[in-house]
Every structure is written in structure tokens, then in C-alpha cells.
Amino acid sequence: MTETRNTTGLIGKLSAPSPALIIGTALWVIATIVVAVSGDRWSDALPICYAGIGVGFLGFALFSIQRRAAVRGDKGAQQGAGLVD
């Protein structure tokens with residue numbers, strides 16, 4: 001039995017940065033809600049949660065800009081890493 005499977009699509013889905021950015025940012029939002037609801041005990045962690053959300057949005061913005069440039073075919077655009085389908 002020499003059965004070959006096409007794993008290219010699966011590898012592309014697992015290596016795409018969009019889901020990681022979205023899930024990571026969503027986890028920071030959940031952490032922020034938990035810290036905000038918990039009161040003064042975790043109040044020192046609130047700025048870190050805000051920073052995590054900010055970094056997540058910044059990462060997604062940079063990824064979107066690079067993806068747009070790669071789709072347009074700009075010379076300086078990055079290639080690979082889930083940028084172009």
C-alpha cells in the first residue's frame with residue numbers, strides 16, 4: 001500500500017500566522033477581563049494585559065500590511081508564511 005496524502009493544505013493552515021494572532025489577542029482580552037473583575041489583588045497585571053492586547057493588534061496590522069503588499073506583488077514585500085494563498 002503506497003498511499004500518499006496531500007499535506008500541503010494542512011501545513012499551510014497550521015503555519016498561517018493569522019489564527020495565532022487572533023487567538024493570542026483574544027486570550028489577552030480574556031485575561032484583561034479576568035484581571036479587571038478580580039479587583040485590587042491583580043491590579044498590577046492590568047497594564048501588562050493592555051500591552052498584550054496592543055502588541056496583538058500591532059502584529060495583526062503589520063501582518064495585514066505585508067499580506068496586502070505581497071498580494072500586490074510589491075518588490076519589498078515578504079514572501080511565504082501564509083502571506084499569499
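Values reported hereafter were calculated over all heavy atoms of this structure, with side chains retained and with hydrogens, waters and symmetry mates removed. Residue indices begin at 1 and follow the sequence shown.
Atom-to-atom distance recorded for Leu27:CG and Thr32:OG1 is 10.5 Å, nearest 0.5 angstrom. Summarising the geometry, atom CD1 belonging to Ile53 is positioned 10.0 Å from atom CD1 belonging to Ile30; distances are rounded to the nearest 0.5 Å.
Put simply, the side chain of Ser38 gets close to the backbone of Val35: a donor and an acceptor are under 3.5 Å apart.
Linking ILVMFWY side-chain heavy atoms closer than 4.5 Å, directly or via other members, places Ile22 and Ile33 in two distinct hydrophobic clusters.
With contacts defined as side-chain heavy-atom distances shorter than 4.5 Å, the pair Leu21/Phe63 qualifies.
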Practice prompt. Just do the side-chain contact (heavy atoms from CB on, under 4.5 Å) check on Ile48 and Trp42 with the steps written out, would you?
Written response: CA-CA 11 Å; Ile48 295 169; Trp42 290 99; over 6 Å; no
